[in-house]
Peer 1: 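What follows is a structure written as structure tokens; I'll ask about it next.
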Amino acid sequence: GRGKTMLACAIFNNYLGQGRLKFIVVDELIRRIKEAFNGGIEFDLSRYMEAELLILDDIGAEKTTEFVEGEIYNIINYRYNKKLPTIITSNINWNDLPEKYEMNGKRIASRISEMCGSFNLNGKDYRRK
């Protein structure tokens, strides 16, 4: 409610027409991966992994399982290794990711902190007005 997603959308809109861009809420991304894994839908994860700019919205809000942690790590690690621009929004402090993702949290947090700058949006939650 402080504007994280709105800022990410503004950046996304600024780059429209300049390449392959992807914006997705992490919970939705995981849902699509699971459905594709179970044969329910066709889903091309490489379009997200290889996007010229990827915005992962609300990381850390999803239910965590070993599968989920592995998928999040794979996406972030791929983009880290390829030096692809990635914007990540979260209500979780990067230092708290190891608690959220028990198996891969340190590796996820380490890569995010190396590939992304961070800043906090403080203030009132506009959704609670």
Peer 1: Are Ile92 and Val26 linked, directly or through intermediate hydrophobic residues, by side-chain heavy-atom contacts shorter than 4.5 Å (ILVMFWY only)?
Peer 2: yes
Peer 1: Please tell me if the side chains of Ile75 and Leu29 come closer than 4.5 Å, counting only heavy atoms from C-beta onward.
Peer 2: yes
Peer 1: Give the cluster check for Leu45 versus Tyr80: same hydrophobic cluster or not, with ILVMFWY residues linked at side-chain heavy-atom distances below 4.5 Å.
Peer 2: yes
Peer 1: Could you give all pairs that pass the salt bridge (charged side-chain N to carboxylate O under 4.0 Å, His left out) test and reach residues 29-51, with sequence neighbours left out?
Peer 2: Glu28-Arg31, Glu28-Arg32, Arg31-Glu35
Peer 1: What residue pairs, at least two apart or across chains, pass salt bridge (charged side-chain N to carboxylate O under 4.0 Å, His left out) with a residue in residues 56-85?
Peer 2: none
Peer 1: I'd like to check Thr86 versus Ile76 (side-chain heavy atoms, cut-off strictly below 4.5 Å). Are they in contact?
Peer 2: no
Peer 1: Using 0.5 Å steps for rounding, measure from the CG atom of Leu84 to the CG atom of Leu53.
Peer 2: 9.5 Å
Peer 1: Does the side chain of Leu21 reach to within under 4.5 Å of the side chain of Leu54, using non-hydrogen atoms?
Peer 2: no
Peer 1: If I take atom CG from residue Asp27 and atom CD1 from residue Ile59, how far apart are they, to the nearest 0.5 angstrom?
Peer 2: 11.5 Å
Peer 1: Which residue pairs pass the ring-ring contact (aromatic ring centres under 6.0 Å, His included) test with at least one member in residues 22-70, sequence neighbours excluded?
Peer 2: Phe37-Phe67, Phe43-Tyr48
Peer 1: Does any non-hydrogen side-chain atom of Leu56 lie less than 4.5 Å from one of Ile87?
Peer 2: no
Peer 1: Rounded to the nearest 0.5 Å, what separation is found between the CD1 atom of Ile88 and the CD1 atom of Ile112?
Peer 2: 4.0 Å
Peer 1: Would you compute the distance between atom CD1 of Ile108 and atom OG of Ser113 and round it to the nearest 0.5 angstrom?
Peer 2: 12.0 Å
Peer 1: May I have all residue pairs that pass salt bridge (charged side-chain N to carboxylate O under 4.0 Å, His left out) and include part of residues 88-115, sequence neighbours excluded?
Peer 2: none
Peer 1: Can you get from Tyr73 to Ile24 by hopping between Ile, Leu, Val, Met, Phe, Trp and Tyr side chains that sit under 4.5 Å apart?
Peer 2: yes
Peer 1: How far does CD1 of Ile55 sit from OG1 of Thr89, to the nearest 0.5 angstrom?
Peer 2: 8.5 Å
Peer 1: Do Ile72 and Asn104 come within less than 4.5 Å of each other through their side chains, counting heavy atoms only?
Peer 2: no
